[in-house]
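To start, the structure under review is shown below, and the notes come after it.
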There are 2 protein chains.
Amino acid sequence: MIVLAFFLLCLPFFRREGASVSPLDTFFMAVSTVSVTGLSTFPLHEVYNNYGVILLEVLFQIGGLGITMLATVGLVLARKRITLHQRQLIQIDMNQPRLSGTVRLAYSVFGLMMVLQLLFGLLFSLYLYFAQGYHQLSKAFFEGFYISISAVTNAGFDITGTSIMPFRHDYLFLMTIIFLIAIGGIGFPVLTELREWAGIKLRRQDKRQFRFSLFVKLAVFFAVLFFVIGTVLILFSESKGAFAHRSLMDKLMTAMFYSASTRNAGLQLDSLNAFNSTTLLIFSLLMFIGASPSSVGGGVRTTTIGILILYMYSFIRGKRNVNVFGRQIGQDDIQKAVVVVNLSLLLCGTAVLILSATEKQPLTALILEVASAFGTTGLSLGITGSLSIVGKWVIIILMFIGRVGMLYMLMLFVSKRKKDLSYRFPTEKVIIG
Amino acid sequence: MIVLAFFLLCLPFFRREGASVSPLDTFFMAVSTVSVTGLSTFPLHEVYNNYGVILLEVLFQIGGLGITMLATVGLVLARKRITLHQRQLIQIDMNQPRLSGTVRLAYSVFGLMMVLQLLFGLLFSLYLYFAQGYHQLSKAFFEGFYISISAVTNAGFDITGTSIMPFRHDYLFLMTIIFLIAIGGIGFPVLTELREWAGIKLRRQDKRQFRFSLFVKLAVFFAVLFFVIGTVLILFSESKGAFAHRSLMDKLMTAMFYSASTRNAGLQLDSLNAFNSTTLLIFSLLMFIGASPSSVGGGVRTTTIGILILYMYSFIRGKRNVNVFGRQIGQDDIQKAVVVVNLSLLLCGTAVLILSATEKQPLTALILEVASAFGTTGLSLGITGSLSIVGKWVIIILMFIGRVGMLYMLMLFVSKRKKDLSYRFPTEKVIIG
Ligand SMILES: [K+]
Ligand SMILES: [K+]
């Protein structure tokens with residue numbers, strides 16, 4: 001997939017005349033596109049022509065939605081099998097559409113997202129043409145659709161050189177963007193269950209009990225929680241900085257926008273240099289957290305860090321088991337969450353350490369770059385282009401792992417979980433902390 | 001304890017004439033002394049006279065050894081109770097001295113450390129007088145004992161303004177310091193069991209089986225492991241930097257010294273400004289890890305992070321249980337380790353975030369300062385004195401939590417662990433990562 005993208009991006013057909021880019025930079029671009037990160041080592045609008053931009057849009061669709069859908073169908077199927085097994089064990093009534101139904105649902109959600117992109121692409125185009133005074137209808141359509149696709153697939157690539165900065169004071173526009181980013185970042189399983197729920201409601205099949213799965217509840221809960229925390233932190237951190245002379249409404253909208261955008265999309269309203277280093281660290285944290293699993297986003301994923309938080313909370317409450325929404329989270333899942341979060345921290349820490357040795361940039365810029373790559377967000381203080389060769393490879397690897405997900409990466413190396421009941425060592429207590 | 005130290009440090013009797021220090025700075029000093037950190041907001045040798053220095057030494061003894069011994073006796077007693085219980089359950093032959101024996105052992109270890117300090121204090125004094133050309137015998141004794149106490153209690157305070165920099169090329173001296181630091185940092189339980197083992201060996205009681213506890217094995221294993229990793233990382237990071245023109249032996253000794261010193265003591269051979277930012281981040285990491293539990297050091301503790309590493313390693317090997325040295329680590333202990341490491345990361349991250357807003361210093365210096373306070377190491381790029389009031393309080397809190405230990409802090413807030421077997425929710429799988 002990345003190889004194909006690499007070859008396509010190499011073709012001169014998609015480039016402006018005279019533009020030259022090294023193979024490593026093109027490969028960087030290919031990984032960045034397919035992982036929907038949006039970091040680039042050169043200004044896109046100077047290298048790619050309009051056909052090139054359309055190619056990028058197609059790659060976003062494949063990288064963002066296509067891969068996600070495939071993974072989701074796989075996961076949903078796997079989950080169904082487990083649920084089936086569970087049902088035999090603990091007799092809980094759950095909604096169990098047939099397998100064919102699941103695949104059909106995933107397709108319908110995929111279709112829905114395409115429709116959303118078209119619909120909002122059209123709306124944005126008309127908005128640009130009529131409200132923003134674009135005189136060329138074709139240019140308005142081109143950019144309108146680009147914004148729509150960028151938001152829904154959380155690509156956040158910048159083709160104009162100014163991202164969506166010109167529209168920063170149009171709150172309705174911003175709210176729409178936030179909504180589209182959220183749709184892309186909430187994850188396919190959530191959309192699938194919502195679609196299912198809506199279908200049942202519409203057909204008034206109230207005989208059949210419907211229950212949202214624990215995962216969907218957690219995904220929505222933590223998406224909202226991190227969104228609110230992010231907004232508050234950004235507001236607080238910039239209250240005397242970049243936001244000092246803005247109206248309350250403008251402050252709130254900007255903070256909300258960045259809280260949503262940093263977690264996956266990477267669209268921006270201001271040059272990041274306008275923010276103080278505290279805010280940039282907050283951005284890095286939000287980017288590291290990332291989006292929901294099985295979404296178009298990356299990072300360590302909301303639910304993963306959420307389960308770790310719940311685990312710590314349970315400990316402080318003096319409980320050993322993690323109970324939430326009337327369900328218990330399995331020890332296996334907790335172990336996965338712990339491993340994923342801590343290995344991700346280790347990975348990003350190592351990346352920062354390596355970059356601190358190879359690059360001559362302030363530490364804040366490096367941390368932001370690493371978090372941005374791992375969270376496939378694509379925000380940067382503009383140092384991507386001046387990275388050393390080692391630095392570019394570090395970022396490429398981070399984008400790849402960030403998009404695929406730490407757990408899937410691990411699965412490649414993890415030995416098959418053996419039934420290790422054959423022999424057990426006696427347990428011995430040790431002193432902690 | 002801290003309050004008492006505060007009042008003593010306020011007394012003019014211990015100060016040089018004309019020296020004036022604000023109450024907050026003195027309180028900072030009191031916490032820094034009792035937590036054996038060694039950060040100070042003013043140059044000690046300009047404010048305290050010789051009596052003041054002796055007072056500091058006494059406070060180190062109480063803060064370093066006294067508190068540790070009390071905690072250890074408590075812990076050992078608690079462990080014995082559990083072991084007793086275990087023995088009934090699983091019938092393993094373990095060494096079980098009577099309770100009175102444990103307390104006596106702890107006292108004997110405490111005595112041993114006092115003897116070590118006296119012995120090496122004497123050796124250092126003679127070394128300074130004869131080999132380093134100190135002409136005043138009293139000055140040689142004063143500084144000699146100071147170095148000895150600084151090393152064994154891992155205080156690392158600087159009373160001369162140059163730490164032990166003048167002796168940086170004397171390898172035997174450095175090896176001795178590393179050995180003393182290691183004794184202080186390995187923890188009382190290890191020393192107690194070693195003492196017990198030595199006693200049995202000497203009395204040739206080979207009839208009675210002796211087995212080192214799992215904790216002691218882990219503590220020694222991870223102390224050595226982190227020491228080696230630290231040495232290699234520092235060597236590698238500075239191979240083209242500060243170490244470029246040194247001999248191989250000098251490089252190795254310096255790297256070993258810092259690998260040992262950063263984890264708890266905070267003695268230094270060079271101004272930290274000589275190191276590049278990668279090395280400073282490595283130092284921060286080592287300081288964050290800290291020493292063994294129940295030692296004179298702080299940080300998140302070696303065994304705590306070690307158990308998390310073992311837990312992740314087990315996961316990658318496809319195992320659910322953590323088996324090491326022929327024993328299994330309990331789920332409770334794993335939960336504690338996970339909570340302590342991640343809460344400590346959260347604490348230090350928050351501290352860096354706050355300092356990045358209140359201080360006008362490069363991020364690297366702030367990270368180093370935070371890790372230094374939490375690890376009660378006391379290394380600094382010299383920004384301690386210019387910290388804002390908020391900044392000083394942040395560091396005070398970090399030193400306190402770092403010394404007491406995250407787990408003990410949590411215990412104050414944790415509800416009593418209830419037998420939560422009364423009702424259980426059904427377990428439901430969720431998607432991770
Ligand atoms: K993105
Ligand atoms: K220290």
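Proteins come first, then strands; the chains are lettered A, B, ... in the order of their sequence lines, and each starts at number 1. The shown structure was predicted, so the numbers you read here are calculated from the model rather than taken from an experiment.
- For B/L355, no part sits under 4.5 Å from any heavy atom of chain A, backbone or side chain.
- Contacts of B/L343 with chain A are made by both backbone and side-chain atoms, with heavy-atom separations under 4.5 Å.
- Only the side chain of A/I367 comes within less than 4.5 Å of a heavy atom of chain B; its backbone N, CA, C and O stay farther away.
- Across all their heavy atoms, A/S356 and B/S277 have their closest contact at O-OG, 4.0 Å.
- In terms of non-hydrogen atom pairs under 4.5 Å with chain A, the most contact-rich of B/T279, B/V352, B/L233, B/N342 is B/N342.
- Heavy atoms closer than 4.5 Å to chain B are found in both the backbone and the side chain of A/I282.
- Here the OG1-CG distance, from B/T278 to A/L363, works out to 9.5 Å after rounding to the nearest 0.5 Å.
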Practice problem: For the pair B/L353 and A/L285, evaluate side-chain contact (heavy atoms from CB on, under 4.5 Å) and give the outcome as yes or no after the intermediate values. | Solution: CA-CA 10 Å; B/L353 216 54; A/L285 184 67; 5.6 Å; no
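- When heavy atoms are compared at a cutoff of 4.5 Å, B/I305 does not approach chain A at all.
- The CZ atom of B/F315 sits 6.5 Å away from atom NZ of A/K336, with the distance rounded to the nearest 0.5 Å.
- B/V338 places none of its side-chain heavy atoms less than 4.5 Å from the side chain of A/I334.
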